[in-house]
Amino acid sequence: MTGRGTIRIGTRGSLLARTQSGDVRDALIEAGHDAELVVITTAGDLSAEPVEKIGVGVFTTAIRAALHNGEIDVAVHSYKDLPTAPEEGLTIAAVPPRADSRDALVAAGGRVLGELPPGSTVGTSAPRRVAQLNALGLGLEIRPLRGNLDTRLGKVAGGELDAVVVARAGLVRIGREDEVTEAFDPVVLLPAPAQGALAVECRSDDAELVSILAELDDAPSRATVDAERSVLAALEAGCTAPVGAIAEVVESLDDDGRVVDELSLRAGVAALDGSDEIRASVVGPVARAVELGRELAAELLERGAAEVMRD
């Protein structure tokens, strides 16, 4: 172990949050650094209200406060929960390799979405999912849904709901991926910007820790997240807005026939009632991830995205 002392990692207390943070702790220990988890209760853990009513940053504010105050050294966030504006004094020192970004259906009887009859009850409180599910025109009854993954899955197992839509990455991380009855292609359901990615954050002035955490950073994962969150920021939409985006690093051929990496980015917005939806895509150099996101957002806005999100 290094002589720095134990690295204290702040995390929410849910099984998913502790599992995600535990992965970061284990990676640090494997790299020769002593590390431990510190559980912090957030406003999102204390309220059953929909996230869009409680406010952006509901799962992150308390953890960031502990980081600012020196109670912890590192914070591990589900990246999609972070506000798009930078936090003064803090830096995202690492984006570890990203998990599957897709949304997943967990339905009674092992059914896929197309097998659910009109009127079936589907649980989700994410405006993005509500809007896109409504846009499919399947006649589903979308019900509000909060709570940890066990609670959400229990509503299907207990017969309270016919199905729920959740992030597949979360189910994989807690070992319940076998309950997924359908993983949605982004053509059907665009995931949330940065879904499946973790943000490992520390104080900007802790140069030693910034360097240590940089060892955990995965460049392709950071590029995709930067592009997707750039769309969200340029649309001036919060993490609960009905905005979906997905970026992938793909191989392409340049003018000389050489294989090069490029960034493929798709994004869209939808009205909550599903009455309107706008999607667009762009491909460009990985190094221009942020700029590509801004360009794609500008195209969406030019095509009426602001009006659609207000509907």
Residues that Ala131 engages under side chain to side chain contact (heavy atoms under 4.5 Å, CB included), provided they are two or more places apart:
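For Ala131 the side chain to side chain contact (heavy atoms under 4.5 Å, CB included) partners, ignoring immediate neighbours, are Pro242, Ala270, Leu272.
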If you measure from the Lys or Arg side-chain nitrogens to the Asp or Glu carboxylate oxygens, is any gap between Arg266 and Glu248 under 4.0 Å?
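Yes.
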Hydrophobic cluster partners of [X] (side-chain heavy atoms under 4.5 Å):
X	answer
Leu190	Ile246
Val180	Leu15, Leu16, Val106, Leu145, Leu149, Leu153, Val156, Leu161, Val164, Val166, Leu171, Ile174
Val250	none

Could you check Val188, Asp103, Leu113 and say which one makes a side-chain contact (heavy atoms from CB on, under 4.5 Å) with Leu133?
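Passing option: Leu113.
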What's the shortest heavy-atom distance between Arg25 and Ala35, and which atoms?
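In this case the closest contact between Arg25 and Ala35 is CG-O, 3.6 Å.
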Once salt bridge (charged side-chain N to carboxylate O under 4.0 Å, His left out) is applied, what residue pairs with a partner in residues 130-141 remain, sequence neighbours excluded?
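As it turns out, the salt bridge (charged side-chain N to carboxylate O under 4.0 Å, His left out) pairs with a partner in residues 130-141, which skip direct neighbours, are Glu141-Arg143.
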Can you list every salt bridge (charged side-chain N to carboxylate O under 4.0 Å, His left out) pair that touches residues 85-100, not counting sequence neighbours?
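Residue pairs with at least one partner in residues 85-100: Arg64-Glu87, Arg98-Glu228, Asp100-Arg102, Asp100-Arg168.
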Between the side chain of Ser264 and the main-chain N/O of Val283, is any donor-acceptor distance below 3.5 Å?
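Checked: no pair found.
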Any sub-3.5 Å donor-acceptor pair from Thr121's side-chain atoms to Asp162's backbone N or O?
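Such a contact is found between Thr121 side chain and Asp162 backbone.
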Begin from the C-alpha positions of Gln20 and Thr11 and carry the test side-chain hydrogen bond (donor to acceptor under 3.5 Å, both in side chains) through to its verdict.
CA-CA 9 Å; Gln20 293 175 164; Thr11 178; over 6 Å; no
